Chemist: 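Below you will find the structure I want to go over with you.
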Amino acid sequence: MDNKPANNFLHQIVAEDLEAGRVSEVITRFPPEPNGYLHVGHAKSICLNFGMAERFGGQCNLRFDDTNPEKESPEYVASIQEDVRWLGYQWAGEVRYASSYFQQFYDWAVHLVEQGDAYVCDLNAEQAREYRGTLTEPGRNSPFRERSIEDNLDLLARMKAGEFDEGSKVLRAKIDMASPNMNLRDPILYRIRKAVHHQTGSEWCIYPTYDFAHGQEDAIEGVTHSICTLEFEDHRPLYDWLLDHLPVPSRPRQYEFGRLNLNYTVTSKRKLKQLVDEGVVDGWDDPRMPTISGMRRRGFTPAAIRKFCEMIGVTRSDGVVDVAMLEHAIRDDLNDNAPRAMCVLRPLKVVLTDYPEGQVEQLSAPAHPSREDLGSRELPFTRELYIDAGDFLEEANKKFKRLVLGKRVRLRNAYVIEADSAVKDDAGNVIEVHAHTVPNTIGLDPEDGIKPKGVIQWVSASAGRQATVRLYDRLFTDAAPDKGDKDFMTLVNPASLDVVEGAWIEPGLAAAAPEQNFQFEREGYFVADRFEHSESAPVFNMTIGLRDTWNNG
RNA sequence: UGGGGUGUCGCCAAGCGGCAAGGCACCAGGUUUUGAUCCUGGCAUUCGUAGGUUCGAAUCCUACCACCCCAGCCA
């Protein structure tokens with residue numbers, strides 16, 4: 001309970017509350033609305049809320065804030081639970097739903113009316129907007145503001161009974177139409193929505209607004225610290241007003257933190273949904289998406305995402321985090337834990353003219369340079385093999401540490417070879433390289449003392465397997481696709497996906513389990529696709545390339 | 001021009017009156033059968049600006065400036 005990652009201002013608040021005895025235990029909650037898939041911004045909130053409970057020995061609830069049936073669906077309810085679990089968190093007890101408290105909310109609405117603190121208003125949406133005033137001008141009281149308690153009670157009951165049309169009436173709190181805080185200008189508590197709700201069906205035709213639900217949900221669940229993002233700060237006075245005017249069972253407190261912004265990324269459910277709906281990506285879990293499920297499919301690990309959230313911290317300032325930090329987090333995890341393997345993305349055949357046809361040597365290579373516990377794998381070595389086309393040049397300067405005619409290069413985990421000639425097609429393209437092995441160089445330097453310039457990966461042409469490898473680049477070409485009046489849809493990177501159909505992989509890779517991570521040496525980290533990879537038709541997704549400091553940055 | 005916030009290195013972020021942590025990125029070396037990893041070193045005489053209080057301020061006070069949020073019967 002006391003081995004903490006970094007400290008942040010909320011940890012301090014909670015620690016002080018515990019110490020002062022203001023709360024005896026910490027109860028937090030992660031309250032998504034099931035109207036989209038969770039994204040990396042939610043991961044920050046999840047890590048914060050669940051992490052807080054973990055750190056202080058409390059509990060964290062998963063509660064769906066399902067007060068708007070028109071935008072929600074069971075698909076989202078399911079995906080959200082899966083994502084939270086995948087991140088490694090366990091919520092306290094059963095999953096909760098705001099909708100399961102609807103009767104209580106209604107009873108409290110009646111309570112407010114009886115106290116003279118709420119009234120039924122017949123203004124339509126446009127009229128209500130007019131009466132609300134503007135940022136600089138106070139609003140005016142609704143002509144329905146002074147209805148009698150009896151009338152309000154009757155009208156509210158009939159709203160609930162379905163007697164009125166959508167939009168014709170709302171229940172509003174009677175606070176202050178002249179408040180400089182717009183949220184206090186008689187905020188709407190209930191609206192009529194004759195929609196089927198994914199949890200309550202047709203039981204209700206009036207639904208509470210966020211403001212009339214959130215604080216009470218927290219109070220019902222005994223939430224002590226209700227953590228939300230900065231844009232709800234102006235709602236806190238209303239959150240408190242409602243709790244002060246209702247006979248709630250506990251008194252939660254709201255605290256706000258700055259939401260996560262990532263450059264080259266959009267994190268808005270609306271925009272992510274648009275990318276999905278317009279087919280820019282293949283779905284919410286497309287590996288290019290910053291959704292939890294997209295990152296999962298891309299090969300990110302829960303540990304890396306949690307590490308990232310720890311790195312960026314929690315504050316009240318809203319900044320833009322460099323995606324390089326997210327990339328660092330996943331590289332760091334995978335460098336430690338991903339087995340190494342070899343994959344040739346752009347195959348160029350090499351024939352070792354001195355190597356006997358039909359001969360196969362089973363070479364053994366460690367799965368990881370420092371993790372002996374990860375074991376080793378067998379690499380069949382044969383006369384014909386593939387290297388990457390980018391690893392050969394007929395002639396090159398000394399900076400080029402790969403294969404050059406007349407020069408040597410080490411085949412990773414195998415022999416040093418020397419290139420003799422290049423075979424070209426009619427157009428002059430190199431289609432094959434003839435080379436020979438330097439004897440006795442498995443695990444040893446050449447006996448003549450002439451060391452190879454570099455090391456390159458290879459795959460046996462006869463024993464290797466072919467695979468589909470998907471290479472990804474950032475989804476947006478602009479560092480701030482979300483900012484200003486730019487249309488983010490026009491900033492989509494046309495080259496964000498590159499599907500390589502004819503890649504060659506070392507034989508053992510075909511048997512990889514879906515979601516297994518690897519480092520394809522000298523290329524990057526890859527993962528066997530969660531849904532489409534199979535031993536007979538291997539499919540790998542690039543998680544992130546290796547850091548490359550070759551051409552000065 | 002109303003209200004609520006935030007301003008510390010290119011980015012994130014410690015700092016809570018005693019003399020600017022750390023991470024990312026970047027740069028320079030070293031090791032290396034991954035141009036990776038790893039290791040070493042460098043990287044804010046200065047904390048939005050201007051005043052003030054104090055022996056002493058990023059930390060307190062004042063004014064100003066910049067940016068973000070709020071006028072959904074969304075959350």
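Side chains included, hydrogens not; waters and symmetry mates left out as well; all remaining heavy atoms used. Remember, predicted model here, so these are calculated numbers, not experimental data.
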Chemist: Starting at the 5' end of RNA chain B and moving along, which residue's nearest nucleotide shows up first, A:Thr315 or A:Glu523?
Modeler: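 In this pair, the answer is A:Thr315.
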
Chemist: List the residues meeting side-chain contact (heavy atoms from CB on, under 4.5 Å) with A:Asp373, not counting sequence neighbours, and say none if there are none.
Modeler: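 For A:Asp373 the side-chain contact (heavy atoms from CB on, under 4.5 Å) partners, ignoring immediate neighbours, are A:Arg371.
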
Chemist: Within this structure, what is the CD-to-C1' distance between A:Glu310 and B:G22, rounded to whole angstrom?
Modeler: 12 Å

Chemist: Which residues, if any, of residues 444-452 of chain A bring a heavy atom under 4.0 Å of RNA chain B?
Modeler: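 Of all residues in residues 444-452 of chain A, the ones placing a heavy atom under 4.0 Å from RNA chain B are A:Leu444.
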
Chemist: If I pick the P atom on B:A21 and the same atom on B:C43, what distance separates them, to the nearest angstrom?
Modeler: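 Comparing P positions in B:C43 and B:A21 gives a spacing of 11 Å.
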
Chemist: How is A:His214 classified with respect to the nucleic acid when contacts are heavy atoms under 4.0 Å: base, sugar-phosphate, or nothing?
Modeler: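 A:His214: no heavy atom of the nucleic acid under 4.0 Å.
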
Chemist: Any protein N or O atoms within reach of nucleotides 65-67 of chain B? Criterion: under 3.5 Å, listing atom names and distances.
Modeler:
none

Chemist: Parallel under 30°, tilted from 30 to 60°, perpendicular over 60°: which one fits the rings of A:Phe520 and A:Phe540?
Modeler: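 Perpendicular.
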
Chemist: Sticking with atom C1', work out how far B:A71 lies from B:U1, rounded to a whole angstrom.
Modeler: 15 Å

Chemist: Can you tell me if the side-chain N/O atoms of A:Arg402 get under 4.0 Å from OP1 or OP2 in B:G35?
Modeler: no

Chemist: Side chain to side chain donor-acceptor pair (under 3.5 Å) with A:His328: which residues, sequence neighbours excluded?
Modeler: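 Here no residue qualifies.
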
Chemist: Tell me, please, which residues at least two apart from A:Tyr37 pass ring pair (Phe, Tyr, Trp, His ring centres under 6.0 Å).
Modeler: A:Tyr76, A:Trp284

Chemist: Does the structure show a Watson-Crick or G-U wobble partner for B:A75, both distances under 3.5 Å? Name it, or say none.
Modeler: none

Chemist: What is the nucleic acid contact for A:Asn413, judged by heavy atoms within less than 4.0 Å: base, sugar-phosphate only, or nothing?
Modeler: base

Chemist: So does A:Asp234 reach the base of B:G3 with its side chain, donor to acceptor, closer than 3.5 Å?
Modeler: yes

Chemist: Roughly how many Å is it from CZ in A:Arg270 to C1' in B:C74, rounded to a whole number?
Modeler: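 Those two atoms, CZ and C1', are 13 Å apart.
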
Chemist: How far does the P atom of B:C19 sit from the matching atom of B:C64, given to the nearest Å?
Modeler: 32 Å

Chemist: Can you tell me the pairing partner of B:A66 across any strand shown, Watson-Crick or G-U wobble, with both distances under 3.5 angstrom?
Modeler: B:U6

Chemist: Base, sugar-phosphate alone, or nothing: which one does A:Thr209 contact when heavy atoms must sit under 4.0 Å apart?
Modeler: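 A:Thr209: backbone/sugar contact only, no base atoms under 4.0 Å.
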
Chemist: Checking A:Pro439 now: which residues fulfil side-chain contact (heavy atoms from CB on, under 4.5 Å) with it, not counting sequence neighbours?
Modeler: none

Chemist: Here's a test for you: under ring pair (Phe, Tyr, Trp, His ring centres under 6.0 Å), which of A:Phe232, A:Tyr239, A:Tyr190 qualifies with A:Tyr210?
Modeler: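 Among the candidates, only A:Phe232 passes.
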
Chemist: Taking only residues two or more places apart in sequence or in another chain, which ones pass side-chain contact (heavy atoms from CB on, under 4.5 Å) with A:Pro143?
Modeler: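 side-chain contact (heavy atoms from CB on, under 4.5 Å) check on A:Pro143 returns A:Leu123, A:Tyr131.
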
Chemist: Is B:G72 syn or anti, taking syn as a glycosidic angle within 90° of 0?
Modeler: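 Syn, which is what one calls it when the glycosidic angle falls within 90° of 0.
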
Chemist: Taking the side chain as every heavy atom from C-beta outward, state whether A:Met52 and A:Ile227 have any pair of such atoms under 4.5 Å apart.
Modeler: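 Yes, their side chains come closer than 4.5 Å.
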
Chemist: Judged by atom type as modelled, is there a donor-acceptor pair below 3.5 Å linking the side chain of A:Asn181 to the main-chain atoms of A:Asn183?
Modeler: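 Yes, because the side chain of A:Asn181 sits within donor-acceptor range (under 3.5 Å) of the backbone of A:Asn183.
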
Chemist: If only side-chain N and O atoms of A:Arg132 are considered, is one of them under 4.0 Å from the OP1 or OP2 phosphate oxygen of B:A71?
Modeler: no

Chemist: Say you pick atom P in B:C12 and the same atom in B:G52; how far apart are they, in whole Å?
Modeler: 32 Å

Chemist: Taking only N and O in the side chain of A:Thr136, is any of them less than 4.0 Å away from OP1 or OP2 of B:G3?
Modeler: no

Chemist: Contact class for A:Ile312 (heavy atom, under 4.0 Å): base, sugar-phosphate, or nothing?
Modeler: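 Since only primed, P, OP1 and OP2 atoms lie under 4.0 Å of A:Ile312, the category is sugar-phosphate.
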
Chemist: Base, sugar-phosphate or nothing for A:Asn263? Non-hydrogen atoms, less than 4.0 Å.
Modeler: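 It contacts nothing in the nucleic acid.
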
Chemist: Taking only the P atom of each, what is the distance from B:G56 to B:G42 in whole angstrom?
Modeler: 32 Å

Chemist: Tell which nucleotide pairs with B:C38, taking only Watson-Crick or G-U wobble pairs whose two distances are both under 3.5 angstrom.
Modeler: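 Across any shown strand, B:C38 pairs with B:G30.
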
Chemist: Figure out the CG/P separation between A:Asn7 and B:A21, and round it to whole Å.
Modeler: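 Distance, rounded to whole Å: 19 Å.
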
Chemist: Find the partner of B:A14: check Watson-Crick (N1-N3 plus N6-O4 or O6-N4) and G-U wobble (N1-O2, O6-N3) distances, both under 3.5 Å, and reply none if neither fits.
Modeler: none

Chemist: Say we look at B:G30 and B:C69: how far apart would their P atoms be, to the nearest angstrom?
Modeler: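 It comes out at 49 Å once rounded to the nearest Å.
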
Chemist: Salt-bridged, A:Glu256 to A:Arg236, with N to O below 4.0 Å?
Modeler: yes

Chemist: Base, sugar-phosphate or nothing for A:Leu260? Non-hydrogen atoms, less than 4.0 Å.
Modeler: nothing

Chemist: Kindly assign one of parallel, tilted or perpendicular to the pair A:Phe381 and A:Tyr415, based on the angle between their ring planes and the thresholds 30° and 60°.
Modeler: tilted

Chemist: Work out how far the P atom of B:C47 is from that of B:C68, and round it to whole angstrom.
Modeler: 24 Å

Chemist: Quick one: is A:Arg522 getting a side-chain N or O under 4.0 Å of the B:G35 phosphate, OP1 or OP2?
Modeler: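 So the side-chain polar atoms of A:Arg522 do come within 4.0 Å of the phosphate oxygens OP1 or OP2 of B:G35, strictly under.
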
Chemist: At 4.0 Å (heavy atoms only), tell me whether A:Gly454 reaches a base, stays on the sugar-phosphate, or touches nothing.
Modeler: nothing

Chemist: For A:Thr67 and for A:Val314, find the nucleotide of RNA chain B with the closest heavy atom, then tell me which residue's nucleotide is more 5'.
Modeler: A:Val314

Chemist: Please report the distance, rounded to the nearest Å, between CG in A:Asn181 and P in B:G2.
Modeler: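 For the pair A:Asn181 CG and B:G2 P, the rounded distance is 15 Å.
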
Chemist: Mind checking ring pair (Phe, Tyr, Trp, His ring centres under 6.0 Å) for A:Tyr119 and listing every partner two or more places apart, or none if nothing turns up?
Modeler: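 Testing A:Tyr119 for ring pair (Phe, Tyr, Trp, His ring centres under 6.0 Å), a comparison that skips the adjacent residues, returns none.
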
Chemist: If you measure from the C1' atom in B:A13 to the same atom in B:C9, how many Å do you get, rounded?
Modeler: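 The answer is 11 Å between these two C1' atoms.
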
Chemist: To the nearest Å, give me how far apart CE (A:Met311) and C1' (B:A21) are.
Modeler: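 Answer to the nearest Å: 16 Å.
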
Chemist: Who passes ring pair (Phe, Tyr, Trp, His ring centres under 6.0 Å) against A:Phe30, sequence neighbours left out?
Modeler: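 Expected list: none.
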
Chemist: Remember a base hit wins even if backbone is also touched, and classify A:Val416 as base, sugar-phosphate or nothing at under 4.0 Å, heavy atoms.
Modeler: nothing

Chemist: Under the side-chain contact (heavy atoms from CB on, under 4.5 Å) rule, collect the residues that match up with A:Asp277, sequence neighbours excluded.
Modeler: A:Lys273

Chemist: With sequence neighbours excluded, what pairs up with A:Phe300 under the ring pair (Phe, Tyr, Trp, His ring centres under 6.0 Å) test?
Modeler: none

Chemist: Could you tell me if A:Asn440 and A:Glu447 have a donor-acceptor pair between their side chains, going purely by distance under 3.5 Å?
Modeler: yes

Chemist: Below 4.0 angstrom from OP1 or OP2 of B:C74, is there any side-chain N or O of A:Arg191?
Modeler: yes

Chemist: Please confirm whether the shortest side-chain N or O distance from A:Gln12 to OP1 or OP2 of B:G15 is below 4.0 Å.
Modeler: yes

Chemist: Given that both distances must come in under 3.5 Å, which nucleotide forms a Watson-Crick or G-U wobble pair with B:C60?
Modeler: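 Checking every strand shown, B:C60 finds its partner in B:G52, with both distances under 3.5 Å.
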
Chemist: Rounded to whole angstroms, how far apart are CG on A:Asn183 and P on B:G72?
Modeler: 11 Å

Chemist: List the protein contact pattern of nucleotides 36-42 of chain B with one symbol per nucleotide (5' to 3'): B for base contact, S for sugar-phosphate-only contact, - for none; contact means a heavy-atom distance under 4.0 Å.
Modeler: SS-----

Chemist: Take the protein atom CE of A:Met182 and the nucleotide atom P of B:G4, then report the distance between them rounded to whole Å.
Modeler: 15 Å

Chemist: When the distance from CZ of A:Phe144 to C1' of B:C73 is rounded to whole Å, what number comes out?
Modeler: 15 Å

Chemist: Contact class for A:Ser317 (heavy atom, under 4.0 Å): base, sugar-phosphate, or nothing?
Modeler: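 If one applies the 4.0 Å heavy-atom cut-off, A:Ser317 turns out to touch the sugar-phosphate alone, with no base involved.
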
